[in-house]
Amino acid sequence: GGKQGVYGVLHLVMSRELREDLDLQLISMVVDTAGNAFENAKLYEQSNLLIHELRLINELTQRLNQSLKLGDIYKFASEEMLDIFQADYCCFLQYNEERDVLEVMASNVAGLAPSFDAEYGFGGLIFHKKEPVILSDYSLNGKVPSKLMDITHSQSLIASPLTVNGKVMGAILLTHRSPHYFSYDNYRLLQTLSSHIGLSVSNALLHAELRRMANRDMLTDMYARHYLDKMIQQYQVSDFCGSLIVVDIDEFKQVNDTYGHQKGDDILRQVSDIVKSSIREEDVPARWGGE
């Protein structure tokens, strides 16, 4: 043992009779010295591991913060996870609330579906349980089906929830074809790194939402005039020709004067919804101003 705990047992088998006054004292000295040496080596190893982890976290955070594009963040984080853990495969899943599915945001697995049911597999388990998972041998697992493990023929798995603004928004999954590949230290480190990745994802989502709001008309959720002007300039440079359709609502002032501006706002929203549902995906619906 050492100052912080007991680490094991020294077992001696002697071929002669024990001389308690000398032999026990000698054995005790050997055991104490060995225990202290073992403890010091263990603490040194742990401190080196901690320093290494802190460097990884610092470098990962700095590089993640270099971009506010969600796709770039997921792509970079996936590459880094594969390198840090020397895993064979990595998959990032993010929950899509409108479709109630977990979408694959980044993965190096060919043939993996673009999305999964929110209840399916290890991703669904982590998303709903909000807890990390470590699996040493998938062949012995009979409870959780996994396309990721089946396609890649993986046996080992570590996975962690992806938390954004305190809310679980998805999962990070790392796999390896060998059983018993990932250690508990890997499992713990992934949880730490996932929180930093979640923060970068949160910043990217917030930035995207701010950009969306800045380019949108608050009443109709159509694009604002300044965004339309910018798109027209881009199309004039890049396209051979184009079309601009401008419409207004007849007798709109009379509606406002008779029924009030709140009813007028309702009509603006209804007409905007009709316009947005009647155009193609590549078209740009915008509010020019007024009605």
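Reckoned from all heavy atoms, side chains included, excluding hydrogens, waters and symmetry mates.
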Nearest 0.5 angstrom please: D137 CG to L135 CG, how far? 7.5 Å

Is it true that V104 and V144 fall in one hydrophobic cluster, defined by side-chain heavy atoms closer than 4.5 Å? yes

Heavy-atom pair with the smallest gap, counting every atom of I197 and F92: CG2-CE2, 4.0 Å

Examine distances only and state if a side-chain atom of T258 and a backbone atom of V255 form a donor-acceptor pair shorter than 3.5 Å. no

Heavy atoms only: give me the nearest A171-I126 pair and the separation to one decimal. CB-CG2, 4.0 Å

G5 versus E39, closest heavy-atom pair with distance: N-OE2, 3.7 Å

Backbone N or O of S156 within a donor-acceptor pair of the S154 side chain at under 3.5 Å? no

What residues form a side chain to side chain contact (heavy atoms under 4.5 Å, CB included) with D150, not counting sequence neighbours? Y138

Answer whether the closest heavy-atom distance between the side chains of S107 and L112 falls below 4.5 Å. yes

Does one side chain, of Y227 or R216, offer a donor that lies under 3.5 Å from an acceptor on the other? no

Tell me if a side-chain donor or acceptor on T163 pairs with a main-chain N or O of G166 at a distance below 3.5 Å. no

Take V201 and Q94, measure what side-chain contact (heavy atoms from CB on, under 4.5 Å) needs, and give me the verdict at the end. CA-CA 10 Å; V201 169; Q94 181 176 306; 4.2 Å; yes

Joint cluster assignment, Y74 & F116, ILVMFWY side-chain distance < 4.5 Å: no

Just wondering, are more than 12 heavy atoms of other shown residues or ligands nearer than 6.0 Å to NZ in K276? yes

Distance, nearest 0.5 Å, that separates CG of D117 from CG of D100: 6.5 Å

Ionic contact status for D283 with R280, cut-off 4.0 Å: yes

Is there a donor-acceptor contact under 3.5 Å from the side chain of R177 to the main chain of D88? no

Charged N-O contact under 4.0 Å between R212 and D221: yes

Shortest non-hydrogen contact from G2 to N36? CA-OD1, 3.8 Å

Could you check whether any side-chain heavy atom of L189 comes within less than 4.5 Å of a side-chain heavy atom of F85, counting everything from C-beta outward? yes

With no hydrogens and no angle check, do the side chains of S183 and D185 hold a donor and an acceptor under 3.5 Å apart? no

Is the cationic atom of R287 (NZ for Lys, CZ for Arg) positioned less than 6.0 Å from the six-membered ring centroid of Y223 and within 45 degrees of its normal? no

Does the side chain of H176 come within less than 4.5 Å of L157's, by heavy atoms? no

Working note: W288 + L228, criterion side-chain contact (heavy atoms from CB on, under 4.5 Å); need CA distance, chi angles, decisive distance, verdict. CA-CA 8 Å; W288 190 269; L228 177 65; 3.6 Å; yes

Q262 atom CD, over 12 foreign heavy atoms within 6.0 Å: no

How far does CG of D257 sit from CD of E251, to the nearest 0.5 angstrom? 11.0 Å

State, yes or no, whether a side-chain contact exists between T175 and M149 at a heavy-atom distance under 4.5 Å. yes

Distance from E97 atom CD to M169 atom CE, nearest 0.5 Å? 7.5 Å

Can you establish whether the number of heavy atoms outside E281 located under 6.0 Å from its atom CD is more than 12? no

Would you check, one step at a time, whether the test side-chain contact (heavy atoms from CB on, under 4.5 Å) holds for V101 with E103? CA-CA 6 Å; V101 297; E103 293 182 327; 4.1 Å; yes

Is the number of heavy atoms from other residues, nucleotides or ligands within 6.0 Å of OH (Y7) greater than 12? yes

Tell me whether Y89 shares a hydrophobic cluster with I158, the cluster being built from Ile, Leu, Val, Met, Phe, Trp, Tyr side chains joined at under 4.5 Å. no

Do I249 and V275 share a hydrophobic cluster, counting only Ile, Leu, Val, Met, Phe, Trp and Tyr and linking them when any side-chain heavy atoms are less than 4.5 Å apart? yes

Determine yes or no for a side-chain-to-main-chain donor-acceptor pair under 3.5 angstrom, with H128 supplying the side chain and G123 the backbone. no

Using 0.5 Å steps for rounding, measure from the CG atom of N215 to the CE atom of M231. 10.0 Å

Go through the side-chain N and O atoms of T220 and D217 and say whether any donor and acceptor fall under 3.5 Å apart. yes

Flag if over 12 foreign heavy atoms under 6.0 Å of CG, L10: yes

Rounded to the nearest 0.5 angstrom, the OG1-CZ distance for T33 and F38 is 15.0 Å

Under 6.0 Å from the ring centre and within 45 degrees of the ring axis: does the NZ or CZ of K147 meet both conditions for the six-membered ring of Y120? yes

Which atom of F122 lies closest to which atom of V133, heavy atoms considered: CD2-CG1, 4.4 Å

Treating Ile, Leu, Val, Met, Phe, Trp and Tyr as nodes and any side-chain heavy-atom pair under 4.5 angstrom as an edge, say whether I172 and L193 lie in one connected cluster. yes

What's the verdict on side-chain hydrogen bond (donor to acceptor under 3.5 Å, both in side chains) for Q155 and Y181, showing C-alpha distance, side-chain angles and the deciding distance? CA-CA 8 Å; Q155 296 299 323; Y181 181 77; over 6 Å; no

Looking at N96 and R99, would you say the former's side chain and the latter's main chain have a donor-acceptor pair under 3.5 Å? yes

Going through the checks in order, is the side-chain contact (heavy atoms from CB on, under 4.5 Å) test met by L93 and L173? CA-CA 8 Å; L93 300 173; L173 299 95; 3.7 Å; yes

Please name the pair of heavy atoms, one in G111 and one in I151, separated by the smallest distance, quoted to 0.1 Å. O-CD1, 3.9 Å

May I ask you to test the L174-L190 pair for a side-chain heavy-atom distance under 4.5 Å? yes

Taking 4.0 angstrom as the limit, do R269 and D273 come out as a salt bridge? no

Any side-chain to backbone donor/acceptor pair from S78 onto K75? Under 3.5 Å, distance only. no

Candidate pair F127 and Y95, rule ring pair (Phe, Tyr, Trp, His ring centres under 6.0 Å), full reasoning: CA-CA 8 Å; F127 176 69; Y95 180 61; 4.6 Å; yes

